[in-house]
Each structure stands twice: as C-alpha cells, then as structure tokens.
Amino acid sequence: MHFTDTLPTPLAEALAHSEQLKTLICEKIQAQGGQLSFHDFMQTALYEPKFGYYVAGLRKIGAEGDFVTAPEISSLFSYCIANQCAQVLAELPNSSILELGAGSGRMAADILLRLEQLDCLPETYFILDLSPDLQVRQRETLEFLAPHLLTKVKWLVNLPAHPFQGVILGNEVLDAMPVELFTVKDTGIASLYVSLDKNDLVFTEQASQHADAIQAFLPPDLVLPYTSEFNPSLKPWIHSLADCLAAGLLLLIDYGYERADYYHPERRQGTLLCHYQHRVHDNPLIYPGLQDLTASVDFTATAEAGVEAGLELAGYTTQAVFLASSGLEDLFIEALNGAPEARYQLAQQVRSLSLPSEMGERFKVIALTKRFTTPLLGFRLSDRQHRL
Ligand SMILES: C[S@@+](CC[C@H](N)C(=O)[O-])C[C@H]1O[C@@H](n2cnc3c(N)ncnc32)[C@H](O)[C@@H]1O
C-alpha cells in the first residue's frame, strides 16, 4: 500500500459510473440548500443504492481490488477467531454466530471449516451485509470453499428480530461507517460540509451542532487548526447489537486507537483515508463511488457505548496479542505440517498479521459480553482495557 498524490486514471466505464453518482450527490447538495454534511456525503459515496462504493459491483477487496483485509491475507486469522468463537459456543447451548459486513465470505468459510474440525459448529451462521453485491460473492466463496456447510448459513437484511445466544463478529466494519468531519480553529468548532464550486465538489465549514460533545472528548492542548472526525452511528449501532444478544460475545476487530491516541494533539489531520487500487490518499471528494473512504475507530467510544448498552467490557488488545492468545502458533505449525512447501508463504502471512509494522499493533480487538463471564481465550496473554 503506497501513500501517494498520483492515482491511476479510472477506465472510461468507471468514470461514467462515478459521474452518475456525482450527479446524485449534486442533487442532494441542492436539495439541502447548497451543502451536504460530510457524513451524508460519505454515506452516499459508500452505500447509495446501485452506485455507492460498497453497493455497486466493483471488486473491492483482494489483489484486484483497492485494499486487502486480514481474512484475505491468511486463513490462520479466521481460524484464531474460530478458536475464540468455539470457547463461547461450547458454553452456550443452541448458539449461533452473526457476522456483520462479511466482505468476500472468506472469513465465514474459514471459521465454519475450523469449527467443524473442532466439532463445534454453530446452530446458524448469520451474515448481515449492506452490500447486495458482496452477498452474491459471499455465497460463491462459501459454495467453493465449504459447500457442505452452506446449509448453516443464512443471509439477513436486518438484525435478527429475536435475541440469540452466541457470537457477533465484525472485522473492519466500524471503519467503513460514515463519519462527521470537524475542524477546530480560534473561532470555534466547525463541521465540514460538501458543496459545489462550479462543477467541483469542495469543502465548506459551518459552526458545528455537535460542538459541546466534540469539545468534551478533545484534549485541552491542541495546536490549531486541528481536524478530526467522529462516528455518530457508533452508539446506536452498538445498542442495536447489544439488544440482539441474549447471551454471548460481541467481537470487533479494526484499526484504531484509544481516545487519548485518537485525538492526540499531533494527529492534526484526523484519520480519514481513501483507498484506490492499493494507493492511499487524503482526498475523499474525488472519484465518488470508485474509492473506499475509511476512518479509524475510537475504541474508547466503542467500549463506552457497549457498557452504556448493558454489555461488559471483557477484553481489549492488539491484533498480534489476540492472535497469539488464540493459538496462532499451533495453527501455524498445523498448517506447516499439512503443506511444508508453503513454509515461506505461511511465515509471511503470520508476519503480515502480527508484526507491529504491519497489522499487529495498528489493529485492535475489543470484546463486549452479555451473561458470559468466563475469561476469554483471546485476551489471556495481555489485556489493555486499562488504556481505554
Ligand atoms: C472494509 S469491508 C470489510 C469486509 C470483511 N469483513 C473483511 O474483513 O474482508 C466493510 C464491510 O462492512 C459492511 N458494512 C458497513 N456498515 C455495515 C453495517 N452497519 N452493518 C453490516 N455491514 C456493514 C460493508 O458493506 C462491507 O462489506
């Protein structure tokens, strides 16, 4: 992944698609009196039916897409998650798994295969994704990798109507949610909006309605101007998940920080990033619908929302520690014994998942539980809850 100023020019067909979405965004800007909140712009760019980045039929995840996620790097990642799930499923009778934002379906297939090996299959493996295009791909992946387990999988368009026991999982879902952008200046806190200047999408500012809430989580010693973001959907989303869980575990894995690091005085440009064909840049207003927009996760806010929703904070650590605690070394040896010729590849996968300079430290894992008090496998080597 490169941070860059220059991007490959999209093909004519892709550009035409993006122009259609831009026309829709311009209509929304006009309907809102000349400016659209950044949150609504990001929601449209990512999830507008037919045209949004996650909804249209572009290949997003993997080598031919725009970014790669841990389940795509190595099955060992999902096997570790499966080991953690097995601990919960074994204790709770008739329990199921709900995976949110299941991407290509790779993690679902690998988790089911590992749970089958452990003789600990869930009653049902629910998948809820906002992207109809990805749902098709998930079914294809499962048909290819685990056809005999397909009957276990049920796709949902909404959260289950009745609370269930088991595990709710989300890998890199929170970072794909729309955020509000704000900037702090001598004159106060302003929210960023998207407006039109001739035919170009541009940023404008307006005094923020959320100024008091934002002020409450910012440190006092900021050098101005200071730009960052927050996710207004986080709290209601966690509450809806908590309502869904009768007993068990909510496990979220993502890149992000504890609040003191997230709103660190030196992080003056925030965390919003754009991914286009394995290049990273910082202009969210270009190529709407063709590029991924993503912001890091405030794990303190996630923990607070969970506790407020009646969940218990049961663990918080780095991806490297979580994987090591969940049996990565044994799984690596097992994989090596099965395919000694893949030694280099497997070692490279473990490095990508675990090294601090790769995903090991930047990605964190948070566990929130309900009516489940057994200490969780994935946090047995180290738990950083005190940092939140
Ligand atoms: C960055 S991708 C990650 C995909 C996959 N989990 C992986 O690790 O490869 C984000 C996914 O989250 C989904 N998503 C975003 N918000 C969601 C929500 N509120 N509920 C369910 N899925 C959501 C998107 O449609 C997309 O599939």
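These figures come from a predicted structure and were not determined experimentally. Whatever order the structure lists ligands and atoms in, that order sets their numbers, starting from 1.
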Taking Gln349 for the side chain and Phe332 for the main chain, is one N or O donor matched with an acceptor at less than 3.5 Å? no

Within the 4.0 Å heavy-atom cut-off, what Leu134 brings close to ligand 1 is side chain

Show me which atoms of ligand 1 lie under 4.0 Å from any heavy atom of Leu128. 21 (C), 22 (N)

Axial cation check for Tyr257 ring with Arg267, 6.0 Å and 45° limits: yes

Can you sort out which atoms of ligand 1 are near Ala176, meaning under 4.0 Å from one of its heavy atoms? 10 (C)

Please name the pair of heavy atoms, one in Ser208 and one in Ile214, separated by the smallest distance, quoted to 0.1 Å. OG-CD1, 3.9 Å

Check whether the side chains of Arg380 and Ser326 place a donor and an acceptor atom closer than 3.5 Å, and report yes or no. no

Would you tell me which option among Tyr47, Tyr53, Tyr54, Trp237 has the nearest heavy-atom contact to atom 15 (C) of ligand 1? Tyr47

Does some side-chain heavy atom of Val88 sit less than 4.5 Å from a side-chain heavy atom of Ser95? no

At a non-hydrogen distance cut-off of under 4.0 Å, which region of Pro71 contacts ligand 1 (side chain, backbone, both, or neither)? side chain

N/O to N/O below 3.5 Å, does that happen between Glu172 and ligand 1? no

No-hydrogen, no-angle side-chain donor-acceptor test under 3.5 Å, Gln138 and Asp129: yes

N/O separation below 3.5 Å, Asp175 to ligand 1: no

Geometry only, no angles: is Thr69 polar-contacting ligand 1 at N/O separations under 3.5 Å? yes

Flag for Glu258-Tyr316: side-chain donor and acceptor within less than 3.5 Å: yes

Going by distance only, is there an N or O of Leu100 that falls short of 3.5 Å from an N or O of ligand 1? no

